[in-house]
Amino acid sequence: AQSVSQHNHHVILSEAASLELGCNYSYGGTVNLFWYVQYPGQHLQLLLKYFSGDPLVKGIKGFEAEFIKSKFSFNLRKPSVQWSDTAEYFCALSSTNKLIFGTGTLLAVQP
Amino acid sequence: EAQVTQNPRYLITVTGKKLTVTCSQNMNHEYMSWYRQDPGLGLRQIYYSMNVEVTDKGDVPEGYKVSRKEKRNFPLILESPSPNQTSLYFCASSYVRGGAETQYFGPGTRLLVL
């Protein structure tokens with residue numbers, strides 16, 4: 001069965017620290033992967049997506065993710081976080097007729 | 001502005017009182033879907049629709065109904081709400097089957113069933 005795992009449930013960082021959020025997926029075929037962000041009280045917004053091509057994907061707000069097929073991973077990174085990055089982050093895998101979401105990672109950035 | 005709208009945004013109700021959450025999109029998307037978000041569980045799909053009059057169950061359809069009479073609207077119906085349906089609900093839409101295409105999400109409806 002297809003699944004997405006996010007092992008970091010809560011992450012607390014200080015401003016300017018580097019960020020890496022883990023995402024692993026289980027799927028044997030061609031994958032389409034997404035990272036969504038949900039700021040407090042808001043709806044999900046797309047950060048970035050991978051369909052094919054360059055495995056290093058750049059998204060909005062300085063985020064990037066690297067697709068490593070051999071590790072079944074799609075980790076999200078940002079070199080220097082800001083207080084405004086405080087949010088919940090969801091990794092998702094595209095499946096037939098739906099997105100399969102991970103359980104999310106709550107990121108709190110301390111000023 | 002391209003968007004997905006949901007109403008109401010917040011709703012408190014009592015067990016057994018039928019309710020409808022509306023969802024509308026202005027992007028002419030064929031595909032629409034409902035998800036519920038619960039702490040520690042992420043988002044799970046309730047129902048989806050490939051086009052007008054075409055709907056199908058997602059992973060957690062029990063206790064919910066949907067209809068797709070018009071392309072832009074996809075209401076979620078709780079005929080007899082129960083406390084375990086207390087959750088945050090999101091509607092989403094996209095151009096194709098919700099697979100490779102990016103899904104656009106509405107602002108969410110927070111439901112409390114007493």
Side-chain angles (χ1 to χ4, degrees), chain A residues 1-10 21-27 29-53 57 59-60 65 67 74 76 87-107, chain B residues 1-7 9-10 21 23 25 29-51 54-61 66 68 74 87-110:
Chain A
Q2 301 157 5
S3 65
V4 176
S5 298
Q6 292 179 246
H7 304 294
N8 312 109
H9 299 296
H10 297 92
L21 301 183
C23 173
N24 289 93
Y25 66 90
S26 172
Y27 183 57
T30 302
V31 291
N32 299 305
L33 293 157
F34 303 80
W35 275 98
Y36 281 88
V37 61
Q38 186 177 31
Y39 298 104
Q42 295 189 26
H43 64 287
L44 281 85
Q45 302 173 41
L46 181 69
L47 269 181
L48 49 81
K49 60 187 177 184
Y50 172 78
F51 287 175
S52 64
V57 181
I60 61 171
F67 171 60
F74 189 56
L76 181 71
E88 190 161 17
Y89 293 81
F90 292 93
C91 182
L93 166 71
S94 175
S95 178
T96 305
N97 300 321
K98 67 182 177 185
L99 289 174
I100 298 172
F101 285 88
T103 53
T105 298
L106 268 172
L107 171 65
Chain B
E1 179 190 355
Q3 60 182 351
V4 180
T5 57
Q6 295 177 227
N7 282 292
R9 296 288 312 280
Y10 303 92
V21 183
C23 172
Q25 49 92 7
H29 286 164
E30 296 89 0
Y31 174 92
M32 297 185 75
S33 179
W34 277 103
Y35 293 85
R36 60 177 289 174
Q37 181 182 5
D38 301 291
L41 297 177
L43 282 83
R44 295 174 293 167
Q45 190 185 52
I46 302 170
Y47 268 95
Y48 66 94
S49 170
M50 305 282 278
N51 214 323
V54 181
T55 63
D56 208 347
K57 297 177 180 178
D59 295 320
V60 288
V66 292
R68 188 90 182 272
F74 190 46
S87 188
L88 178 58
Y89 292 87
F90 288 101
C91 181
S93 73
S94 70
Y95 276 114
V96 290
R97 293 191 300 170
E101 283 295 324
T102 303
Q103 292 192 30
Y104 295 85
F105 285 84
T109 295
R110 192 170 290 278

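Lettering follows sequence order; numbering is per chain, from 1. Values reported hereafter were calculated over all heavy atoms of this structure, with side chains retained and with hydrogens, waters and symmetry mates removed. Just so it is clear, the structure is predicted and the values come from calculations on it, not from any experiment.
Interatomic distance, A:Phe101 CZ to B:Phe90 CZ, rounded to the nearest 0.5 Å: 9.0 Å. Separation of atoms OG1 (B:Thr102) and CZ (A:Phe51) is listed at 4.5 Å; rounding is to 0.5 Å. The CG atom of B:Asp38 sits 12.0 Å away from the OG1 atom of A:Thr103 when rounded to the nearest 0.5 Å. Separating the NE2 atom in A:His43 from the CZ atom in B:Arg9 is a distance of 9.0 Å, to the nearest 0.5 Å.
Taking B:Thr55 as the reference, nothing meets the side-chain hydrogen bond (donor to acceptor under 3.5 Å, both in side chains) condition, with sequence neighbours excluded.
If you measure heavy-atom distances from B:Arg44 to chain A, you find no contacts under 4.5 Å at all. Proximity to chain A (any heavy atom under 4.5 Å) is shown, for B:Leu43, by both the backbone and the side chain. Residue A:Leu46 touches chain B through its side chain alone, counting heavy-atom pairs closer than 4.5 Å. A:Gln6 does not touch chain B: none of its heavy atoms, backbone or side chain, sits under 4.5 Å away.
Contact annotation: the side chain of B:Asp59 approaches that of A:Lys98 to within less than 4.5 Å [non-hydrogen atoms, C-beta and beyond].
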Verify side chain to side chain contact (heavy atoms under 4.5 Å, CB included) between A:Leu99 and B:Tyr35, making sure each step is shown before the conclusion. CA-CA 10 Å; A:Leu99 289 174; B:Tyr35 293 85; 3.7 Å; yes
Derivation and outcome, side chain to side chain contact (heavy atoms under 4.5 Å, CB included), residues A:Gln38 and B:Gln37: CA-CA 12 Å; A:Gln38 186 177 31; B:Gln37 181 182 5; 3.0 Å; yes
